[in-house]
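Down below is the structure, laid out as structure tokens.
When a ligand or atom number is given, it counts from 1 through the structure's own listing order. What's counted below: heavy atoms across the whole structure, side chains too, no hydrogens, waters or symmetry copies.
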Amino acid sequence: MTGIAVVTGANRGIGLETCRQLAGSDCHVILTSRDEVRGQQAADILRQEGKPVSYHQLEVTDMASVARLRTDILKEFGRVDVLVNNAGVYLDEGISVIEVPLETVQLTMDVNFYGPYHLCRAFVPLMRQQNYGRVVNVSSGAGSITEMNGRTAAYKISKVALNALTRIVADEVRGYNVKVNTMCPGWVRTEMGGPAAPRSVEEAADTIIWLATLQDDGPTGGFFRDRKPIPWSEL
Ligand code: NAP
């Protein structure tokens, strides 16, 4: 069976590479982006590589946009097997929790937490109904709590919330063949990570693909990097 996979924030960076690798692993990929022109261009590149890729516009903070995506996918494909919540923003690097504008915190939560939450609400019930689904939340080691230090609060708190969402959704679908996991891609050379980052997008996407294509006896409710569990309380 060819699975239907949805990837958010996929016009560039880790999301685009995730689409490329998923489309090479027996999935038909729906590449989504908030900017239609940039997303269509990214989808064209993958199609020129011979990959099975469709395009759909998606602004993850907009529930109407999420609803349109769901309606159109159901009409065309009738199911969703994989959801990769990749879209993210990193807007308050190094800024004090006291000084960061509240609008920045709200926008970060809207994209990094409410976005994945809206998408889970749209697609997890469908996965439960079809008794198959793999959700991968692209989080960060910055979302671990125990030794969390100051600054960059919006990003860190948004990823803590995303990790909590992962645990909660995973538990609510236990008993179904629906796996919900969160992962850290490491520090990656993208627009977000910058050119000095040690990791390539290919390396970053590897664990995402592994979680997106888990066997039925694979883990759920876990936090991973490099295909290995990492502690929720890590630095
Ligand atoms: P990136 O190159 O900055 O790409 C981010 C993607 O998210 C872009 O496609 C962007 O679209 C999209 N996006 C932002 N806001 C959106 C919205 N409201 N609706 C839909 N799409 C939206 O970042 P990346 O490095 O590939 O990061 C991908 C994920 O990995 C993020 O969740 C990030 O937190 C996580 N991560 C990255 C690193 C790293 O070192 N790079 C480390 C840890 C975790 P536009 O092009 O329209 O802006």
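Applying the ring-ring contact (aromatic ring centres under 6.0 Å, His included) test to Tyr155 and every residue at least two apart in sequence or in another chain returns Tyr90.
Within a 6.0 Å radius of CZ in Arg227, more than 12 heavy atoms belonging to other residues, nucleotides or ligands are found.
Other cluster members for Val97: Ile98, joined by side-chain heavy-atom distances under 4.5 Å among Ile, Leu, Val, Met, Phe, Trp and Tyr.
Checked for salt-bridge contact, Asp206 and Arg225 miss the test: no charged N lies under 4.0 Å from a carboxylate O.
Using a 4.0 Å heavy-atom criterion, the residues that approach ligand 1 are Gly9, Asn11, Arg12, Gly13, Ile14, Arg34, Arg38, Leu58, Glu59, Val60, Thr61, Asn86, Ala87, Gly88, Val89, Val111, Val138, Ser139, Ser140, Tyr155, Lys159, Pro185, Gly186, Trp187, Val188, Thr190, Glu191, Met192, Gly193.
For residues 24-67, the ring-ring contact (aromatic ring centres under 6.0 Å, His included) pairs, not counting sequence neighbours, are His28-Phe77.
Of the listed residues (Val138, Leu119, Ile209), just one forms a side chain to side chain contact (heavy atoms under 4.5 Å, CB included) with Val84, and that residue is Val138.
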